[in-house]
Amino acid sequence: MTEPRDDVDLSPSEPDTPADTGSSDESLRLLEPGEIRARRRPRAVFFVWAWELACALFVATPIHAWAKAAFGARPDGDAVVFRPGGHELVSWLGQGGPTLAVVVRTALVSLVVFGVLGQIVTGALVASLATGIGRSGRAPSTTFALRAGTSSFFPLLGVGVIASAVEGFIVGIGLFASSAVARALESSLGDARSFTARVFVLGLFVVAALVVGVIADLARVTIARDVAGTTAALISTRPLMRDAATSALATARRALGRAFLAWGWRAAASLALVWLGALAGDLVGARAGGALWLLFAFHQLVVFLRAGLRASWLANALRLTG
Amino acid sequence: MRGRPLAAIFMAVALAIASPSSGEPSPSDVAPDAPMAEHAGNVASYTLRAKLDPVAHTVHGEGSIVWRNASSKPVSELWLHLYLNAFKNQSSVFMRAPIGGFRGGRLPSSWGSIDLKRLVLVSGDQRIDLLQKIELRRPNDEDETDARVPLPSEVMPGTAITLEVEWDDKLPSIVERTGYDGSFHMVGQWFPKIAKLEPNGTFAHFPFHHLGEFYSDYGTYDVTIDVPEGFIVGATGPATSVKDESGRHIERHVQEDVHDFAWTAWDKFQTRKEKILGVDVTVLFPPGYDDHAERELETMRFALPHYGARYGRYPYPVLTIMHPPESASEAGGMEYPTLITTGQPSWLPRGIWLVEAVTIHEFGHQYFYGLCASNEDAWPFLDEGLNQYAENEALTAWKGPGSTIDFAGLKISEVEAQAERARQFGHDEKIAQGAGEFATGNTYGALVYSRTAVLLETIARAYGKPKLDRALGVYARRFRFKHPTPNDLIATIRDEIGAGAAENLRTALFEKGWVDYAITQMSSHPSHSAAGMFDRAGKRETISPDQTANPNRYDGSVLVMRRGTLRFPVQIELVATDGSRSRVTWDGEADSYRIPYSGSSALRAAIVDPDDTILLDDHPDNDFATAIGHPTAGAPRVLERATFWAATLLGGLAP
């Protein structure tokens, strides 16, 4: 688009290279791989959590409004929705009609919109992880991180769209192939065992799609880091994406196993946290008051820890891409 | 001394392992004093031989029928049900019914039929051919499922005749409970069957309707099944002989006190067997369905004692559970005497209790369809509705509030879920009508199954579950082998629960009865005695409202309306601003009820039926109100959960 302006020259190999901010202790620089740690950026993780909470409240508002209109005037409010047996829950959803359709669509559209806008937050998080101020490499300002995140929005979105398309294609092929395998085996193995074969084949394709997702994450961190490390006024999206893809593929050739493992255990831990969150909800049931506040705190702790795991993975990806 | 505690522990462990119902008390009999017949009278007994060709999907049948005129009138004709002809062409009553929303909606890829080759009346040494005079169709109707057979002479009450029959079945591809899929064969409604003769001398004969099921006289079935070697057979009644000869596998099954006979044969069946409460339970299932077979056995370990205590002892020595392959799932979910078919795909996890639900449902039919044998064509609710209630009751007793889904913290009970469906269709049609009279499969399913079950559950909650348990226990015992009618059910409910419950049942079944309780007014104010001018002790005294007010006391009232034609007793809960709650019971007889309130704080809210007793309530959304000016309780739980799950989804989308 335009020539990049002079890089701030935040070469990781030259942490003391003066930028243009006077004292070298105050200069912003790209961190050495060994310096990149998510635990050094609690403020950034907190920011991601706050963003997710704000968006979640927005998404939840129509659902809450609908529930309040339906149950708010009951002496115990919406407690009946959480009664074991699900009588009021089923009746509510069953009689929802057009309201249900509106609420569901609003929630889904909101989720997609916030998912897209979330690329800025991801970019800001990576910028915060990848850069630091002075020798100690302390966190850059939120403004800087957000500016970097905003600048990397389109390239990140591009990578996201392409990766999602590739993942969808792979899973689609997987569905087709697994179905064909199941059909071919059904007469000899029976439907139960052919279904197992189908799941196995589909699982292989899902793993392949997840690998694509990991490579896409490697590209994302490369983009966000490069954007954070440039002083260019305008970012050229396509070259940035091309370079990031090249870098991600090179990293994948070199260390795909390590990358997948690093992503995999964090994803597993993240799922376990969600499961714990669901379990906590079940334990609290229809209770309100202190129990509900405790549940809220626990649920938000889960959301925060998941944000931390995500930051940890992105930091790991940054280290892998060098 | 040291060895004794150890021995006791070992013994306890051994007993726990040995006893399938360990940890659960044996259910006690709900109606131990109710009379129950030991046997049905033999009216129509069949001695048949069936030979399966699994490649052509045909069955050649032959044998004899001994039929007794059990009515009070002479009989000059017989009616034969030839139900495989329902799948012969698109002109059958079954195929031409414009019914959607229920099972059996797809056309068979291969048609089915039953062709009578021989029908002979045996009279001493004489053989009188009845086939020539058989009337297969009615004028202008190509249905061939309900045939009239004129007899050469009247059969007097109490006398029996013998018929010799021979026929050929062409099984359809699997459609509505019968047919083949590859080498799998489910053989139901496969032989010429005499329609049920009512006590007044008329035959309850009817064509095979799309939504209809069956109705027959009891008898003894002695059936020899001849299939290729390597095929596994499941059938009504115990196998009294099994042999392999000349490349054929031949089993003879004999069962008395039943009114139908069905069988299945497949060369890929796996088998599990277990003796439960003296009954030999066999599960036939496709390869890879071992877990489902275990779940079906677990279900029977619970269901046999549970149903035995409620509806009387299961009287047969065997029960065969057939789980069809998924490609033949249409053969699943069906009941025949001592043979039930289940279903559900292999991947269905525990916690979604559909395997258990279909197994317990089909087993429950052994009582209402099998042992009571009401007319399923005229009164389908007497079988399906009562059985659905029994299934809901049993699953709740076994699995608790998550009786349908108990997964990831979500607990959905079957009857609570059915309440919504029962409400949706409650005003469309009567429950108590013939299967052929329902306009759609959806209304049939919602009214016959769900609304009947929800109606009974409402009666249980409103009048007491032990009372309904006993009433249904008495009904199932008193009318075992007796072909009860709706009046028999209503009379039993009247005897055991009372006139109010019986009237509600009758109104809901026959008159589309409905009910809606609603709180329409609520108010409270500081208590005060009457103000105004009073002539007391010869003087006129004027008292202003301020002078009489008692700020520490509040008075008020709540007005509850009952709309509709059903009258159930119901509770109303009043909630004061200080959090105190009180409950009032209303008999629900009048159209409205004004409940006076008096308390130390203002009335904040009121709710009618706080425990969801009246599941039939048309509008649960008007059961409550909060007084104007008081804060509502809101929906903080939904907000909290929705926020958490939205954040969780966002976490998956964003990074």
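Numbers restart at 1 for each chain; the letters A, B, ... are given by sequence-line order, proteins then strands.
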If you count heavy-atom pairs under 4.5 Å with chain A, which of [options] comes out on top?
options: B:R604, B:E414, B:E420; value: B:E420
options: B:D612, B:T404, B:T632, B:T396; value: B:D612
options: B:A647, B:P401, B:A635; value: B:A635
options: B:I607, B:L639, B:D623; value: B:L639

Less than 4.5 Å to any heavy atom of chain A: does that hold for the side chain of [X], its backbone, both, or neither?
X: B:Q418; answer: neither
X: B:I405; answer: neither
X: B:V575; answer: side chain
X: B:P345; answer: neither
X: B:A625; answer: backbone
X: B:R641; answer: side chain

Report which part of [X] has an atom under 4.5 Å of a heavy atom belonging to chain B: side chain, backbone, both, or neither.
X: A:R306; answer: side chain
X: A:I63; answer: both
X: A:L189; answer: backbone
X: A:V80; answer: neither

For the interface with chain B, which of [options] has the highest count of heavy-atom pairs at distances below 4.5 Å?
options: A:F195, A:F82, A:W275, A:W49; result: A:F82
options: A:A79, A:A70, A:G86, A:G190; result: A:A79
options: A:R287, A:K68, A:Q95; result: A:Q95
options: A:G94, A:A67, A:S91, A:G77; result: A:S91
options: A:A192, A:A65, A:C55; result: A:A192
options: A:A286, A:S270, A:A107, A:S187; result: A:A286

Could you tell me if [Y] and [X] have a donor-acceptor pair between their side chains, going purely by distance under 3.5 Å?
X: B:S403; Y: B:W398; answer: no
X: B:Q344; Y: B:H292; answer: no
X: A:W313; Y: A:D217; answer: yes
X: A:S312; Y: A:R266; answer: yes
X: B:T613; Y: B:Q571; answer: no
X: A:R183; Y: A:S179; answer: yes

Worksheet item: Only one of B:R461, B:K411, B:R423 forms a salt bridge (charged side-chain N to carboxylate O under 4.0 Å, His left out) with B:E416, so which one is it?
Response: B:R461
Ring centroid separation [X] to [Y] under 6.0 Å:
X: A:F58; Y: A:F114; value: yes
X: B:H323; Y: B:F285; value: no
X: A:W66; Y: A:W92; value: yes

Item to complete: Inspect the contact between B:R272 and B:E294 and indicate whether a charged nitrogen and a carboxylate oxygen are less than 4.0 angstrom apart.
Response: yes
Worksheet entry | Row check, B:Y289 ring normal vs A:R193 NZ/CZ: under 6.0 Å, within 45° |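 Not satisfied by the 6.0 Å and 45° rule.
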